[in-house]
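These notes are about the structure you will find just below.
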Protein chains: 2
Amino acid sequence: MQKHKPTTIIDIAKALNVSPSTVSRALHDHPSISAETKRNVHELAKKFNYQPNLLALSLLNKKTGIIGIVVPEITGYFFATIINGVQDMVASAGYKLLICQSNESFEEEKKLIHEMTLLRVDGFLISPTFNTKTFDHFEKLKSAGIPLVIFDRDCPGFQADKVLVDSYHGAYQAVDYLVKAGCRHVAHIAGPIAIPTFKQRLDGYLDALQDNGLSINDSLIVYSSGFSSECGIDALTQLLDQNETLDGIFSVNDAVAIGAMHIIRERGLRIPQDISMVGFDDESYSCFFNPSLSSVWQPVYEVGMLSAKILLDHFSNSEQAEGYRYEVLKPELVIRSSSASPNPLDIPRVHL
Amino acid sequence: MQKHKPTTIIDIAKALNVSPSTVSRALHDHPSISAETKRNVHELAKKFNYQPNLLALSLLNKKTGIIGIVVPEITGYFFATIINGVQDMVASAGYKLLICQSNESFEEEKKLIHEMTLLRVDGFLISPTFNTKTFDHFEKLKSAGIPLVIFDRDCPGFQADKVLVDSYHGAYQAVDYLVKAGCRHVAHIAGPIAIPTFKQRLDGYLDALQDNGLSINDSLIVYSSGFSSECGIDALTQLLDQNETLDGIFSVNDAVAIGAMHIIRERGLRIPQDISMVGFDDESYSCFFNPSLSSVWQPVYEVGMLSAKILLDHFSNSEQAEGYRYEVLKPELVIRSSSASPNPLDIPRVHL
DNA sequence: CCCTTTTACGCAAACCTTTGCATTAGCTAT
DNA sequence: ATAGCTAATGCAAAGGTTTGCGTAAAAGGG
């Protein structure tokens, strides 16, 4: 494995006894280069397998063509699909994507952003950690003139372009549906309400109950310590041990819902006859559970596409339109068989 | 959003009336710089918020500190977890990761590798497309002296460092278990056998049957057109429509198995009483199905860690040990309740 | 007081490419 | 013949950093 150093424009220039500038111009088909020189250059470039050094170019142009994306995790349908949306959008504009995971660590997030700044990425797409309460590291980007778009998770008080999903609306739909389907004692497995997204889901739950004339029972709200199925197990164990009357559950996400369903079955209860269940996220496997899990679908791919689009707009229209974009996409309730039908005569509409 | 250009070492030099070299040395704590100068430089660097330009450095050192990883997809537990393993390993060595998806497209794979070469990534981790039959683009990397490690999917005939999982062994275990549990008519939902991984799973299936003295029934082998749950639905519909006797299924992966289980239930058959099921991959949700899905777990995270480690070794020991590393990791059968217990008295061991 | 070290720093090259501004030669038009 | 033009190319700077080597001044030794 002989390590040739890559051919440069200078190598070609020497071999042809011309200057590097001539070679550069020939390769770019500059009009003031003779046809013969061009031919020679192209020929030699092919022969030596010349590849332009993008580093040198980036240094010169002060742009790398790389977009940095920071997500809390890539495992899981949600962020992976957002990344797909981003990828597809930026690739079509000739940009490359540098993907990093913060693993929900604020320190990691700061470090990653810093490192990517050193690499001179042209812009950022960021979905902040749940532990991101201060935004100095984002402000730094703004004052350095590096465009950024926040997606999926809001940063209250921080001004920037944002692409979010209307969690409140999704939650409201889900709970409203449960109530209209006959549930009178709907519980909520909530996420940490310090986080806007989960506060919104809780609010949607509360408002939907109240708008339907149901009173709120605080002991039907249980807070999950995390977002894995194991947390769902814990949450539901806690809930059932309270012995409250209970005929419906709105879960903060599908993974948790699945853990919860496991416990429901284990206690000999039936879904949806005894307890209806609605999740959030519409994971790819949710429709294959038994019973298939009703869930709130989010336009994840679109979030990715739109975020990327907004970022790309910064590159082309440098004349920064005043103000920041604030886009809120609508989720959609997908009804399957884990929740009772509103009209007992209806057969549940099963989505695959 | 005023776009300051970033401070350079030259700005500091001018402000202090010294040469850039002095600033550089001061920042690197070079011994031949006076304590006072160092103090001044550091002070000003902090004040101006100086950030070294990694592009210039990369250009100089001919290394970027970036590792390129090309995977067929990032959606899904398998590759996402491998990436986690890689990430953790390379981060500890100070490398950054450029993640790209080929979407199982050979052309895309070639294009991505080419582009990443232009960006001068220091090395590659590649899991080839199912459509990658020729390896010229890999050979190019080798002859350019760029180290690469192939993982998860083998490239027959191409010499390189490889980290693979022993699919044959996993499949053999699964089918051997099904037979010992009493299944006499074990079907296999196979992947495309043009791909070594799936050929191995098929071979494991065949050998396990024969070693147990069972004959092979070709109509019990059905080929799935893909790897999603929808494909499992198709495959099993086809299988059941043949009306063959059938009491066990070994599926090419969990997603397909889940689609298959859906159909089994729909036809009024019971799992595992009528048909036992074992999948492959041990997805994170598999243990929450009803019944929970037995599966072959693969050491995914370890594949990532080891692949990255081997690549990193190339950077430190440039004195290339002769020959290529060829690592084959062992998968492990995880028995849950979708498969009958070997001894009817045993209660199935349920893994969470 | 002079020679030798040491201390502290500057110069310039190297990494690779692009591009505005010469520069050269050959031609045309006057 | 000569100014003016065009065609084809070269020069050099710029982008930011590191580093071997050279050098000045100060310090030390005899």
Side-chain angles (χ1 to χ4, degrees), chain A residues 3-42 44-45 48-66 115 117-122 144-145, chain B residues 3-42 44-45 48-66 115 117-122 144-145:
Chain A
K3 185 144 187 165
H4 313 290
K5 57 190 59 172
T7 314
T8 74
I9 221 175
I10 302 181
D11 300 327
I12 300 180
K14 277 189 187 142
L16 250 49
N17 237 323
V18 296
S19 76
S21 357
T22 303
V23 177
S24 171
R25 280 187 262 251
L27 290 171
H28 290 83
D29 206 32
H30 191 283
S32 77
I33 299 293
S34 74
E36 196 195 336
T37 309
K38 278 182 192 167
R39 203 162 31 73
N40 291 337
V41 168
H42 279 111
L44 218 57
F48 289 173
N49 188 28
Y50 167 74
Q51 310 285 11
N53 187 324
L54 253 48
L55 289 176
L57 254 178
S58 301
L59 183 57
L60 199 58
N61 299 335
K62 293 164 166 305
K63 51 176 297 189
T64 51
I66 300 180
E115 289 176 348
T117 312
L118 296 189
L119 283 175
R120 297 298 200 267
V121 299
D122 291 339
Chain B
K3 186 142 189 168
H4 313 292
K5 56 191 59 169
T7 313
T8 75
I9 222 176
I10 301 180
D11 300 328
I12 300 179
K14 276 188 187 143
L16 250 50
N17 237 321
V18 296
S19 77
S21 358
T22 303
V23 176
S24 171
R25 280 189 261 251
L27 290 171
H28 290 83
D29 208 33
H30 191 281
S32 78
I33 298 293
S34 73
E36 197 195 335
T37 309
K38 278 182 190 166
R39 202 161 34 73
N40 291 337
V41 168
H42 278 111
L44 218 58
F48 288 173
N49 187 30
Y50 167 73
Q51 310 285 10
N53 187 325
L54 252 47
L55 288 177
L57 254 177
S58 301
L59 183 57
L60 196 58
N61 299 335
K62 293 162 167 303
K63 51 177 296 189
T64 51
I66 301 180
E115 289 177 348
T117 311
L118 295 188
L119 283 174
R120 299 296 202 267
V121 300
D122 291 339

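For the numbers below, each heavy atom of this structure counts, side chains included, while hydrogens, waters and symmetry mates do not. Residue numbers begin at 1 in each chain, while the letters A, B, ... track the order of the sequences.
When heavy atoms are screened at a 4.0 angstrom cut-off, B:D11 is found touching no nucleic acid atom at all. Residue contacts for A:S32: at a heavy-atom cut-off of 4.0 Å it reaches a base atom on one of the strands shown. Heavy atoms of A:P31 sit nowhere under 4.0 angstrom from any nucleic acid atom. Residue-level contact check: A:L59 touches the bases, meaning some heavy atom is under 4.0 Å from a base atom.
Residue B:L55 contributes atom CG, which lies 12 Å from atom C1' of C:dC16 at whole-angstrom precision. A:L60 has its CG atom 15 Å from the P atom of D:dA13, to the nearest Å. Remark: P of D:dT9 and CD of A:E36 are 8 Å apart, rounded to the nearest angstrom. Between B:L27 atom CG and D:dT17 atom C1' the separation is 11 Å, expressed in whole Å. The distance from atom CD1 of B:I12 to atom P of D:dG16 is 12 Å, rounded to the nearest whole Å. Straight-line distance from the CG atom of A:D29 to the P atom of C:dT18: 13 Å, rounded to whole Å. Protein atom CZ of B:R120 is 8 Å distant from nucleotide atom P of C:dC16, rounded to whole Å. Look at CG on B:N40: it is 14 Å from P on C:dA8, rounded to the nearest Å.
OP1 and OP2 of C:dC16 both lie 4.0 Å or more from every side-chain N or O belonging to A:Y50. Distances shown here put a side-chain N or O of A:K62 below 4.0 Å from the OP1 or OP2 atom of D:dG16.
Atoms NE2 and OG1, from B:H30 and B:T37 in turn, are 13.5 Å apart once rounded to the nearest 0.5 Å. The structure places OG1 of A:T64 at 11.5 Å from CG of A:L59, a figure rounded to the nearest 0.5 Å. Atom-to-atom distance recorded for A:S34:OG and A:N40:CG is 8.0 Å, nearest 0.5 angstrom. Note that OG1 of A:T8 is 10.0 Å distant from CZ of A:F48, once rounded to the nearest 0.5 Å. Separating the CG atom in A:L119 from the CG atom in B:N53 is a distance of 9.5 Å, to the nearest 0.5 Å.
Counting only N and O atoms by type, the side chains of B:T22 and B:S19 include a donor and acceptor under 3.5 Å apart.
The side chain of A:S34 approaches D:dA8 more closely than any other nucleotide in the set D:dA8, D:dT19, D:dG16. The side chain of A:R25 has D:dC11 as its nearest neighbour among D:dC11, D:dG16, C:dT17. Closest to the A:T22 side chain, of the nucleotides D:dT17, C:dC9, D:dT9, is D:dT9. Side-chain proximity of A:T37 to the nucleotides C:dG10, D:dT9, C:dC16 is greatest for D:dT9. Checked against C:dT17, D:dT17, D:dT18, the side chain of A:P52 finds its nearest nucleotide in C:dT17.
Each of B:S19 and A:I10 was assigned the nucleotide of DNA chain C with the nearest heavy atom; the assignment lying further toward the 5' end belongs to B:S19.
Residue-to-nucleotide contacts include a donor-acceptor pair under 3.5 Å from the side chain of A:S21 to the base of D:dC11.
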